[in-house]
Visitor: 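Sharing a structure with you now.
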Amino acid sequence: MSALVAELADIDLGDVRLNRRARRVLQCLGEKPTLSIPSACGGWGETRAAYRLFDHAAVSAEAVLAPHLACTVARMRAHPRVLCLQDTSELDYTGKSDIQGLGPLNYESRRGLYRHPTRAVTPDRLALGLLHVHTWVREPGSLAQPKDAARPIEEKESMRWIDGFARVNELAEQLPETRLTYIADREADIYELFVAAPCPDAGADWLVRGQHDRVLGQDAEGNPETLRQRLDQAPVLTETGFDQPGGNGRTARTVHQQIQAVRLKLPAPYRRNRKLAEIEITAILATELQPPPGEDAVEWLLLTNLPVTTPEQALEKLSWYLCRWQIEIFFRILKSGCRIEELQLEKRERLEPALAFYMIIAWRVLLLTMLGRACPEMPCDVVFDQAEWQAVYLVTQRKPPPETPPSLDQMVRMVAGLGGFLNRKRDGFPGPQTIWIGLQRAADFVLALEAQRTADGESCGCLLYTSDAADE
């Protein structure tokens, strides 16, 4: 069983045939993630079986993801600190009017749904897997309804951030040896979320990018004092720099920032239906002082329940927040690599299980991307089955594979080479795009070599190369 299919080893759909079919569908889609479902399945019989699986009453996104979520939790136990990243992405199916059960996106004319996953990564950016996925569809006509600012948080879409944090808190109780840190962007700057874990010793930690310049009280002259004013008065703890990649009209450059931090109390905001407690937090401000002409300064306001009193603690929290970009890469793999917005299934009940399969596939692509960097000397057969690494080695190196599997770094680079990675000294590590293209080509080589062995009178189930073949 390949490492990808092993994520569904314990799947329970109520029927062993459904379980077997789910693993088969995951294998087919994982081998050809950029192709349509019919092309990935390789024939009408397999395609029809996949569609029947998506349409079965027992096959939901939750049921498909359940064994993978359990595998994620098992992997988390091996790490002292795990970051739980949350973000939202819209899936646009405008023009695919045959899909029933979708709703408006930011305009009534745009149709689709929203996915809000929680992903587990290590501070070294090793992708451990998914922890939860929340999906919702807006009601038609809801965008035209007036917004009521006094509405309870439970009735707002933003409640998804608080629910997500609550799930992370529940998981923290199951993992006493692993410290969890919830990380989210500006949409999660919600006071009710901060109240959920005001003490560093209670539940999971949290680190959220700030959006609001809250009023803290009055200064000595009776004027309102804001969060930003308090930070501006704080001493500089340290300075840091990083290389910002180009993209979206932005040029690549090196960013130098100064970091300030202050521990303070946030006054509780007024809520019509409840009284909230005052909480103590740490605010961190990372500011670029001299951006290049024509460029906006890179600035981050971060809020956390954890104390920050030393340069090392400040840099640690900043590095944790930078890991949040991993979820952006995850969405890119789903949309550009797996092309999930091209799926043409007839209704939402079929679409969501299919999306669950592709989310597991996207996790594995991201895992390979980061694992080769974090553990380059690890044997590649930890994440590649024998047929995969032998086929890739044979094709890329033009010689029989060795008895000892190559390192993970070597294997990832060989796979990425099949996807266009040049592997020059200045190229650094392969990215997810070359890896997902290379994985497709690797699957083709496995099939071709197995077909050749079958034509020569060998069994399809045998290894591509035995030790005797390697010696020859």
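For clarity, every value in this text was computed on a predicted model and none was experimentally measured. Every heavy atom of this structure was used, including side-chain atoms; hydrogens, water molecules and symmetry mates were not.
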Visitor: State, with a plain yes or no, whether a side-chain heavy atom of Pro430 is found less than 4.5 Å away from one of Val412.
Guide: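 The answer is yes; the side chains approach within 4.5 Å.
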Visitor: As a quick check of understanding, evaluate side chain to side chain donor-acceptor pair (under 3.5 Å) for Lys335 and Ser89, giving each step before the final call.
Guide: CA-CA 10 Å; Lys335 293 184 177 183; Ser89 181; 2.9 Å; yes
Visitor: Within the 3.5 Å criterion, strictly below it, is a donor on Thr287 or Gln257 matched to an acceptor on the partner's side chain?
Guide: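 No.
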Visitor: Output all residues satisfying salt bridge (charged side-chain N to carboxylate O under 4.0 Å, His left out) with Glu62, sequence neighbours left out; order by chain, then residue number.
Guide: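 For Glu62, no residue satisfies salt bridge (charged side-chain N to carboxylate O under 4.0 Å, His left out) once neighbours in sequence are set aside.
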Visitor: Answer whether the closest heavy-atom distance between the side chains of Trp320 and Leu302 falls below 4.5 Å.
Guide: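 No, every pair of side-chain atoms sits at 4.5 Å or beyond.
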Visitor: Atom CG of Asp189 and atom OG of Ser158: how far apart are they, to the nearest 0.5 Å?
Guide: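 Answer rounded to 0.5 Å: 11.0 Å.
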Visitor: Please tell me if the side chains of Leu306 and Lys317 come closer than 4.5 Å, counting only heavy atoms from C-beta onward.
Guide: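 Contact flag for Leu306/Lys317 side chains = yes.
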Visitor: For Gln433 and Arg332, test the side chains for any donor-to-acceptor distance below 3.5 angstrom and give the result as yes or no.
Guide: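 Yes, because at least one side-chain N or O of Gln433 sits under 3.5 Å from a partner of the opposite role on Arg332.
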Visitor: Strictly below 4.0 Å, N to O, side chains only: are Arg21 and Asp15 in salt-bridge contact?
Guide: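 So Arg21 does not pair with Asp15 through a salt bridge.
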Visitor: Report the residue from Glu187, Arg115, Arg160 that forms a side chain to side chain donor-acceptor pair (under 3.5 Å) with Thr88.
Guide: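 So the option named by the test is Arg160.
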Visitor: Within a strict 4.5 Å, meaning less than it, do heavy atoms of the Arg441 and Phe445 side chains meet?
Guide: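 Yes, side chains in contact.
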Visitor: Under 4.5 Å between any side-chain heavy atoms of Ser142 and Glu157, yes or no?
Guide: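 With C-beta onward as the side chain, the pair stays apart.
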Visitor: Is a donor from one side chain sitting under 3.5 angstrom from an acceptor on the other, for Arg110 and Asn106?
Guide: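 Their side chains do contain a donor-acceptor pair, which is all the 3.5 Å distance test asks for.
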Visitor: Give the table of side-chain donor-acceptor pairs shorter than 3.5 Å for residues 352-368, with sequence neighbours excluded, one pair per line with atom names and distance.
Guide:
residue, atom, partner, partner atom, Å
Glu352, OE2, Arg348, NE, 2.4
Glu352, OE2, Arg348, NH2, 3.0
Trp363, NE1, Ala127, O, 3.2
Arg364, NH2, Val383, O, 2.7

Visitor: Under the ring pair (Phe, Tyr, Trp, His ring centres under 6.0 Å) rule, what pairs show up with a residue in residues 380-412, not counting sequence neighbours?
Guide: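 Ring pair (Phe, Tyr, Trp, His ring centres under 6.0 Å) check on residues 380-412 returns no pairs.
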Visitor: Check this for me, if you would: do Asp163 and Arg167 make a salt bridge, where the nitrogen-to-carboxylate-oxygen distance has to be below 4.0 angstrom?
Guide: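 Here Asp163 does not pair with Arg167 in a salt bridge, since their nearest N and O are not under 4.0 Å apart.
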Visitor: Does the side chain of Tyr182 come within less than 4.5 Å of Thr118's, by heavy atoms?
Guide: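 No - every pair of side-chain heavy atoms lies 4.5 Å or more apart.
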Visitor: Classify the side-chain pair Thr34/Gln440 by whether it contains a donor and acceptor separated by less than 3.5 Å.
Guide: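 Side-chain D/A pair, Thr34 to Gln440: present.
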Visitor: Measure the CG-CG distance between Leu143 and Leu105 for me, rounded to the nearest 0.5 Å.
Guide: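 Here the rounded value is 8.5 Å.
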Visitor: I need the full list of salt bridge (charged side-chain N to carboxylate O under 4.0 Å, His left out) pairs touching residues 25-43, with sequence neighbours left out, sorted by first then second residue.
Guide: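 Listed by first then second residue: Lys32-Asp444.
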Visitor: Among Gln397, Met414, Gln410, which residue meets the side chain to side chain contact (heavy atoms under 4.5 Å, CB included) test with Val392?
Guide: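 Of the listed options, the one satisfying the test is Met414.
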Visitor: When you compare the side chains of Ser407 and Asp409, does any donor N or O come within less than 3.5 Å of an acceptor on the partner?
Guide: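 Side-chain D/A pair, Ser407 to Asp409: absent.
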Visitor: If you look at every heavy atom in Leu180 and Cys84, which pair is closest and at what distance?
Guide: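 Scanning both residues, the minimum pair turns out to be CB-SG, 4.2 Å.
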Visitor: Is a side-chain donor-acceptor pair under 3.5 Å present for Arg81 with Thr178?
Guide: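 The answer is no; no qualifying pair exists.
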Visitor: Write down the atom of Ile99, the atom of Leu343, and the distance for their closest heavy-atom approach.
Guide: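 Looks like CD1-O, 3.7 Å.
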Visitor: Answer yes or no: is there an ion pair linking Arg350 with Glu346, defined by an N-O contact shorter than 4.0 Å?
Guide: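 A salt bridge is present here (some side-chain N lies under 4.0 Å from a carboxylate O).
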Visitor: I'd like to know whether Tyr93 forms a side chain to side chain donor-acceptor pair (under 3.5 Å) with Glu341, so could you lay out the CA-CA distance, the side-chain angles of the two residues, the decisive distance to 0.1 Å, and finally the verdict.
Guide: CA-CA 6 Å; Tyr93 294 98; Glu341 291 178 314; over 6 Å; no
Visitor: Looking at Glu288 and Arg253, is any side-chain nitrogen of the basic one under 4.0 Å from a carboxylate oxygen of the acidic one?
Guide: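 Glu288 and Arg253: salt-bridged.
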Visitor: Can you sort out the partners of Asp10 under salt bridge (charged side-chain N to carboxylate O under 4.0 Å, His left out), two or more places apart, ordered by chain and number?
Guide: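 Asp10 satisfies salt bridge (charged side-chain N to carboxylate O under 4.0 Å, His left out) with no residue once adjacent residues are dropped.
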Visitor: Around atom CD of Glu46, are there more than 12 heavy atoms from other residues, nucleotides or ligands closer than 6.0 Å?
Guide: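 Count over threshold, so yes.
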Visitor: For the residue pair Tyr321 and Asp185, confirm or rule out a side-chain donor-acceptor distance under 3.5 Å.
Guide: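 Yes, side-chain donor-acceptor contact under 3.5 Å.
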Visitor: Using a 3.5 Å distance criterion without hydrogens, assess whether the side chain of Glu388 forms a donor-acceptor pair with backbone atoms of Asp385.
Guide: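 Yes, because the side chain of Glu388 sits within donor-acceptor range (under 3.5 Å) of the backbone of Asp385.
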Visitor: Measure the shortest side-chain to side-chain distance between Thr282 and Asn305 over non-hydrogen atoms and say whether it is less than 4.5 angstrom.
Guide: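 Not in contact.
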Visitor: Could you go through the side-chain contact (heavy atoms from CB on, under 4.5 Å) check for Ile259 and Leu315 one step at a time?
Guide: CA-CA 8 Å; Ile259 303 178; Leu315 292 173; 3.7 Å; yes
Visitor: Going by heavy atoms in the side chains, are Glu342 and Gln344 under 4.5 Å from each other?
Guide: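 No; the side chains remain at least 4.5 Å from each other.
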Visitor: Going by an N to O cut-off under 4.0 Å, is there a salt bridge joining Lys347 and Asp55?
Guide: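 Between Asp55 and Lys347 there is a salt bridge, with a charged N closer than 4.0 Å to a carboxylate O.
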Visitor: In terms of the angle between their ring planes, are Trp161 and His116 parallel, tilted or perpendicular, with boundaries placed at 30° and 60°?
Guide: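 Perpendicular.
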Visitor: Phe242: which residues meet the ring pair (Phe, Tyr, Trp, His ring centres under 6.0 Å) condition with it, sequence neighbours left out?
Guide: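 Per chain and number, Phe242 pairs via ring pair (Phe, Tyr, Trp, His ring centres under 6.0 Å) with Trp300.
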